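It should be emphasised that the depicted structure is a prediction, and the values quoted were computed from it without experimental measurement. We name chains A, B, ... by the order of the sequence lines, and we start the count at 1 in each one.
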2 protein chains.
Amino acid sequence: MLNDFITQLQITEEELQDELRQNATITTHKKGDFIIKYDQYIKVLKIVLKGKVRVYQKNENREILIYYLGDMETCTLSLSACFEDCKSTVNAIAEENCTILNIPVRFVQDWNFKYKSWNTFTTNTFRESYNYLINQYSILAFQPLKDRLFDYLVSEASNLTVNKSHQQLAKELGTTREVISRLLKTLEKNNKLHLGQKEIQILDKS
Amino acid sequence: MLNDFITQLQITEEELQDELRQNATITTHKKGDFIIKYDQYIKVLKIVLKGKVRVYQKNENREILIYYLGDMETCTLSLSACFEDCKSTVNAIAEENCTILNIPVRFVQDWNFKYKSWNTFTTNTFRESYNYLINQYSILAFQPLKDRLFDYLVSEASNLTVNKSHQQLAKELGTTREVISRLLKTLEKNNKLHLGQKEIQILDKS
DNA sequence: CTAATGTTGTAACAAATGTCACAGGTAATA
DNA sequence: TATTACCTGTGACATTTGTTACAACATTAG
């Protein structure tokens with residue numbers, strides 16, 4: 001699976017390939033396991049080889065999604081931490097069983113100036129994450145929750161269907177279950193979607 | 001002034017120093033000038049040598065601050081754009097007369113793997129901006145506006161005083177003037193601060 | 001000085017969101 | 001099957017935030 005990662009990143013330098021094989025470890029985690037805990041020191045760069053990880057921030061009674069990590073995706077926050085000794089400001093939890101590539105921080109920094117492909121990888125990761133986050137930021141600031149919810153459903157749907165509970169959606173959008181239930185009901189009344197048990201069908205994307 | 005920048009970034013490579021002198025241009029802008037406009041292609045990395053620039057996103061009737069750039073600070077969004085041909089998703093406006101260093105995108109990318117100090121610079125810029133933004137993101141999601149306003153005033157105050165109009169604060173916090181006026185009045189009634197003309201004095205930081 | 005512009009205050013109302021409470025349905029599992 | 005945990009619906013109400021409208025004061029430019 002490490003080889004898939006090497007291919008995907010177009011790591012052509014054989015030396016770096018070897019370094020990865022020697023120094024990176026692969027761990028597996030069960031659904032529900034914490035991958036990163038708030039306030040914990042980050043000592044490795046985490047890359048999800050297979051599975052799904054939810055990275056989120058927590059309040060007393062609410063949570064908000066920062067991002068999901070899917071196959072071959074890198075936790076930008078742990079990448080950031082590799083360049084500075086710091087604690088995690090987020091939690092990360094396995095939403096499915098997953099396989100994770102762990103690269104100790106000291107390598108991540110060294111490789112950055114040593115291997116072109118690694119440099120490209122880190123830069124792209126930062127750039128994409130930063131642009132994404134800026135976009136989310138102004139959506140959070142300006143869009144009413146009703147719109148954020150609907151847009152989110154559309155973006156998450158496969159075959160116009162989303163299989164998530166209201167509670168899950170609340171955790172992703174930074175609100176509470178009751179609020180989601182209410183908004184979904186309104187959307188259903190407006191014929192935008194159809195509600196089932198842990199299943200939402202989008203009827204009208206516009 | 002370019003030399004100050006070189007010193008601050010600890011650019012020891014003489015070759016890079018020369019490249020900067022040859023290829024970077026310095027421009028001056030008056031208060032109120034647009035530095036970057038929404039939807040415009042970004043062709044240079046912008047670094048504020050002197051002055052103050054407000055980078056913000058716009059809605060129909062509201063704005064929200066992304067960040068201020070002060071002396072020797074780099075516009076992370078334009079840095080990001082250097083690695084990918086793209087349009088600006090934000091506006092940037094000079095809040096004071098300012099002097100700006102402009103580095104054409106093609107150099108920014110090349111230098112990243114060519115000069116160690118430049119690599120450190122870009123990485124640090126991304127890392128710091130990303131961490132800052134994540135933090136702001138969850139504050140925006142969870143903190144009521146009243147608290148965000150007060151914390152913002154404390155952070156912006158010098159000598160416990162903030163010289164901004166309610167309109168300015170509204171633009172920074174993503175809301176409207178009336179809302180700010182109302183919240184400030186409440187805070188004043190609770191003896192947290194004292195209101196004057198374009199002047200807010202913080203009385204109780206807690 | 002005067003006009004124009006910017007600044008602040010505030011009431012009244014609308015809309016959005018959060019909270020509490022409770023009822024009943026569904027799925028998982030011992 | 002029975003129990004438990006999860007899931008959904010919903011009313012009632014509180015709080016927060018946005019909108020509209022208007023008045024008065026302060027500052028600045030001409």
Counting only distance, no hydrogens or angles, is the base of C:dT19 paired donor-acceptor with the side chain of A:R182 under 3.5 Å? yes
Checking only heavy atoms, does the side chain of B:R177 share a donor-acceptor pair with the base of D:dG18 at less than 3.5 Å? no
Just checking, B:K58 and B:Y38: is the charged tip under 6.0 Å from the six-membered ring centre and within 45° of the axis? no
Can the positive tip of B:K171 be found less than 6.0 Å from the middle of the six-membered ring of B:Y56, inside 45° of the ring normal? no
Take the protein atom [atom1] of [X] and the nucleotide atom [atom2] of [N], then report the distance between them rounded to whole Å.
X	N	atom1	atom2	result
B:L149	D:dT17	CG	P	10 Å
A:E60	C:dG18	CD	P	13 Å
B:N163	C:dG6	CG	C1'	16 Å
B:L145	D:dG18	CG	P	6 Å
B:L140	C:dT17	CG	P	13 Å
B:I200	C:dT7	CD1	P	12 Å
B:K185	C:dA11	NZ	P	11 Å
B:K171	C:dG6	NZ	P	10 Å

Tell me what A:R62 touches on the nucleic acid: a base, only sugar-phosphate, or nothing, going by heavy atoms under 4.0 Å. sugar-phosphate
Looking for any heavy atom pair under 4.0 Å, which part of the strands does A:E178 touch: base, sugar-phosphate only, or nothing? base
Please state whether the phosphate of C:dT10, meaning OP1 or OP2, lies under 4.0 angstrom from any side-chain nitrogen or oxygen of B:S181. no
On the nucleotide C:dG18, are OP1 or OP2 found under 4.0 Å from the side-chain N or O atoms that A:N61 carries? no
Is it true that a side-chain atom of A:T74 and a backbone atom of A:T76 form a donor plus acceptor pair closer than 3.5 Å? no
Candidates [options] - which lies nearest the side chain of [X]:
X	options	value
B:K198	C:dG18, C:dT8, C:dT26	C:dT8
A:L195	C:dT17, D:dG9, C:dG9	D:dG9
B:P144	D:dT17, C:dG18, C:dG9	D:dT17

When B:L183 and A:S165 are each assigned the nearest nucleotide of DNA chain D, the 5'-most assignment goes to A:S165
The single option from A:T123, A:N131, A:N124 that satisfies side-chain hydrogen bond (donor to acceptor under 3.5 Å, both in side chains) with A:R127 is A:N124
With nearest nucleotide decided by heavy atoms, which residue, B:G196 or A:G174, maps closer to the 5′ end of DNA chain C? B:G196
Which heavy-atom pair separates B:S117 from B:Q10 by the least distance, and what is that distance? CB-O, 3.7 Å
